[in-house]
Amino acid sequence: MRLILTALVFLAGLFDLLLAIGFLTGPEQAASGFGIAATGIGGISTIRADFSSFFGVAAFCMMWGAWRRNADLLLVPALLFGVSFVGRAINLAVTGAYPGWPVPMTIKAGHVILMLAAWRMLPHHKLADIAG
């Protein structure tokens, strides 16, 4: 089971890495897939920076954590996707549903569940073990 969870975390990280690269190299096209339209150079810069950092940091922590069998690194993407899920839930409560709303929420919830399951299953490393 540990090997399956590790592989799933790594694959999810690879998926998020591809998203990060897409936002970095083609922010307008990548953003349109998320229902976002940039207005001006500042908007494109924000999309390029914020979305590639969100997915890139999550991907790095997921892939490195899976590779090194370090469960503590998986808490970073769990928190990122968890906060994102809560934001979408608040938006759903405040503004109501929109077409396709369950898909991104399911993906975010799936990330959180996967990261927490892997976090419980994989070993935890002390700071001294990581540094040296």
Side-chain angles (χ1 to χ4, degrees):
M1 184 63 164
R2 189 183 313 191
L3 180 64
I4 293 169
L5 277 175
T6 303
L8 288 173
V9 168
F10 195 86
L11 289 174
L14 192 58
F15 173 77
D16 291 339
L17 179 62
L18 294 175
L19 285 174
I21 291 169
F23 279 109
L24 192 62
T25 60
E28 299 95 338
Q29 297 82 10
S32 68
F34 280 68
I36 302 167
T39 55
I41 295 174
I44 293 170
S45 175
T46 300
I47 290 171
R48 177 174 277 134
D50 294 351
F51 280 84
S52 55
S53 65
F54 177 91
F55 288 109
V57 168
F60 174 80
C61 290
M62 290 161 62
M63 294 172 75
W64 190 253
W67 183 263
R68 298 287 301 194
R69 307 293 192 275
N70 184 349
D72 293 333
L73 288 170
L74 304 181
L75 292 177
V76 174
L79 185 59
L80 283 170
F81 284 100
V83 170
S84 183
F85 179 87
V86 169
R88 285 187 177 272
I90 291 170
N91 186 69
L92 188 62
V94 171
T95 62
Y98 60 91
W101 69 266
V103 174
M105 289 188 76
T106 302
I107 291 170
K108 288 178 183 6
H111 270 76
V112 172
I113 292 167
L114 177 61
M115 293 310 110
L116 293 178
W119 178 76
R120 288 186 52 88
M121 191 72 81
L122 293 175
H124 300 268
H125 298 283
K126 295 178 185 170
L127 186 56
D129 294 340
I130 296 170

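Values below: all heavy atoms of this structure, side chains included; hydrogens, waters and symmetry mates excluded.
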Fill in the blank from the handout: Output for pair (S84 OG, L79 CG), nearest 0.5 Å, gives 11.0 Å
Exercise for the section: Measure from the side-chain N and O atoms of T46 to the backbone N and O of G42, and report whether any donor-acceptor pair falls under 3.5 Å. Expected result: yes
Practice task
Drop me the distance from L92's CG to M105's CE, to the nearest 0.5 angstrom.
Solution key: 6.0 Å
Practice task
Answer with yes or no whether the hydrophobic clustering places F23 together with F15; edges join I, L, V, M, F, W, Y residues whose side-chain heavy atoms lie under 4.5 Å apart.
Solution key: yes
Exercise for the section: Any chance you could measure L73, atom CG, to F60, atom CZ, to the nearest 0.5 Å? Expected result: 7.5 Å
Problem - Common cluster, I113/M1, ILVMFWY with side-chain heavy-atom separation under 4.5 Å - result: no
Practice task
Of all the heavy-atom pairs spanning L74 and G65, show the shortest one and how long it is.
Solution key: CD2-CA, 4.4 Å
Handout entry: Residue pair P77 / C61: nearest heavy atoms and the distance that separates them
Key = CD-CB, 3.7 Å
Practice task
Hey, could you give me the CG/CG distance between L80 and L75, rounded to the nearest 0.5 Å?
Solution key: 11.0 Å
Handout entry: Approximate separation, where rounding is to 0.5 Å, of L24 CG and L19 CG
Key = 12.5 Å
Handout entry: Chi angles and distances behind the side-chain contact (heavy atoms from CB on, under 4.5 Å) call for L122, L5
Key = CA-CA 9 Å; L122 293 175; L5 277 175; over 6 Å; no
Exercise for the section: List the atom of Y98, the atom of P104, and the distance in Å for their closest heavy-atom pair. Expected result: OH-CG, 3.8 Å
Handout entry: Close side-chain approach of N70 to W64, heavy-atom, < 4.5 Å
Key = no
Exercise for the section: Taking all non-hydrogen atoms of both residues into account, name the closest pair between K108 and F85 and its distance. Expected result: CD-N, 4.0 Å
Practice task
Can you measure from CE (M121) to CZ (R69) and round to the nearest 0.5 angstrom?
Solution key: 13.0 Å
Problem - F54, CZ atom: more than 12 neighbouring heavy atoms under 6.0 Å - result: yes
Exercise for the section: Indicate if F55 and I36 have the same hydrophobic cluster label, given that clusters are the connected sets of ILVMFWY residues with side-chain heavy-atom separations under 4.5 angstrom. Expected result: yes
Exercise for the section: Test side-chain contact (heavy atoms from CB on, under 4.5 Å) on W67 and T6 and set out the steps. Expected result: CA-CA 8 Å; W67 183 263; T6 303; over 6 Å; no
Exercise for the section: Treating Ile, Leu, Val, Met, Phe, Trp and Tyr as nodes and any side-chain heavy-atom pair under 4.5 angstrom as an edge, say whether F10 and W119 lie in one connected cluster. Expected result: no
Fill in the blank from the handout: A118 and A71 have their tightest heavy-atom pair at O-CB, 4.3 Å
Exercise for the section: Check whether any side-chain heavy atom of I47 lies under 4.5 Å from a side-chain heavy atom of F34, and answer yes or no. Expected result: no
Practice task
Determine the minimum heavy-atom distance between V9 and M62, stating which atoms define it.
Solution key: CG1-O, 3.4 Å
Exercise for the section: Please assess F81 against L114 for the test side-chain contact (heavy atoms from CB on, under 4.5 Å), listing each intermediate value before the final yes or no. Expected result: CA-CA 11 Å; F81 284 100; L114 177 61; over 6 Å; no
Handout entry: ILVMFWY cluster, I107 and I21 together (side-chain gap under 4.5 Å)
Key = no
